[in-house]
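The first residue in the sequence is number 1, and the count goes up from there. No hydrogens, no waters, no symmetry mates; every other heavy atom, side chains included, goes into these values. Atoms within each ligand, like the ligands themselves, are counted from 1 in listed order.
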Amino acid sequence: MKDIEDLIQKAVELQSNGLITAQIADELNVSRETVIWLLTRSKKEGITPAPKDIAVNLNSIGKSAKRLHNVSLALCDIVLETLEKTNTEVDVVVGIAANGIPLASMMAYELGADLAIYHRKGHGIVHTDYRGTISRNFGSVTGKNCVIVDDVITTGSTSIEVIEQLREMDAKPRVVAVLVDKKGADTISNVPIQSLVKIVRLD
Ligand SMILES: O=P(O)(O)OC[C@H]1O[C@H](OP(=O)(O)OP(=O)(O)O)[C@H](O)[C@@H]1O
């Protein structure tokens with residue numbers, strides 16, 4: 001219960017700091033539906049059942065470059081195992097801003113690949129015509145075999161967006177690598193998902 005109370009308190013605090021639901025969801029690594037539930041619950045004690053979601057706190061890894069490095073080595077190992085099955089080389093590691101960037105840069109170094117950074121455009125705002133972008137300050141993706149890197153998959157919508165955008169840029173998304181996969185799927189838009197921790201719901 002303490003963890004839930006902490007989450008509620010944090011959600012209320014972030015809301016009072018002016019963050020919108022999507023931004024609070026990003027901060028807490030939960031779905032938007034969960035944020036609404038947390039904020040509602042802070043006012044009316046437990047009227048609706050909790051959404052099926054899992055809160056993830058990666059701070060013990062994220063605060064230490066050494067731990068991030070060690071974890072990135074494990075992810076590289078998993079990625080290589082996956083790509084070996086199809087005899088595919090990694091050309092570029094695409095980190096999803098913001099949380100995917102530290103891991104992606106370490107993985108690119110380890111794999112001897114280029115580093116690209118994907119920015120979700122209109123972050124937290126729903127536009128029908130928005131497009132994500134590959135930062136011009138890093139590597140390009142056109143025509144290249146891409147490993148997509150992020151910290152967490154919750155609904156999978158970010159991964160789907162990146163995969164679609166990469167395909168539109170004539171890039172070849174080969175694997176999505178994350179620390180925690182809360183969706184528990186094997187593939188997303190026909191691209192294999194690999195994670196250090198995969199959450200599989202039993203109910
Ligand atoms: O699978 P999904 O439901 O799309 O959620 C996963 C995404 O949510 C978080 O990012 P966020 O949108 O919070 O952006 P941030 O990395 O800038 O915090 C996380 O880092 C993933 O990118």
Open item on the list: With nothing but distance in play, are any N or O atoms of Asp151 less than 3.5 Å from an N or O of ligand 1?
Closed with: yes

Open item on the list: Assess the residue pair Lys10 and Glu13 against the criterion (salt bridge (charged side-chain N to carboxylate O under 4.0 Å, His left out)); give the C-alpha distance rounded to whole Å, side-chain angles, the decisive distance to 0.1 Å, and a yes or no.
Closed with: CA-CA 5 Å; Lys10 190 69 191 165; Glu13 188 185 313; 3.4 Å; yes

TODO: Could you tell me whether Glu27 and ligand 1 have an N or O pair separated by under 3.5 Å?
DONE: no

Open item on the list: Main chain of Ser31, side chain of Asp53: is a donor-acceptor contact present, judged purely on distance under 3.5 Å?
Closed with: yes

- [ ] Please say whether Ala98 places an N or O atom under 3.5 Å from an N or O atom belonging to ligand 1.
- [x] yes

Open item on the list: Using a 4.0 Å cut-off to any heavy atom of Thr158, which atoms of ligand 1 qualify?
Closed with: 2 (P), 4 (O), 5 (O), 6 (C), 7 (C), 22 (O)

Open item on the list: Determine whether Val176 and Ile163 satisfy the following criterion, side chain to side chain contact (heavy atoms under 4.5 Å, CB included), listing intermediate values before the conclusion.
Closed with: CA-CA 9 Å; Val176 178; Ile163 290 166; 4.0 Å; yes

Task: Asp186: partners by salt bridge (Lys or Arg N to Asp or Glu O under 4.0 Å), with sequence neighbours left out - done: Lys198

Open item on the list: Is it the case that the side chain of Ser64 and the backbone of Ile61 share a donor-acceptor pair, with hydrogens and angles ignored and the cut-off at 3.5 Å?
Closed with: no

Open item on the list: Checking contacts here: is it the side chain or the backbone of Thr154 that comes within 4.0 Å of ligand 1, counting heavy atoms only? Could be both or neither.
Closed with: both

TODO: Give yes or no for whether the N/O distance cutoff of 3.5 Å, strictly under, is met between Gly156 and ligand 1.
DONE: yes

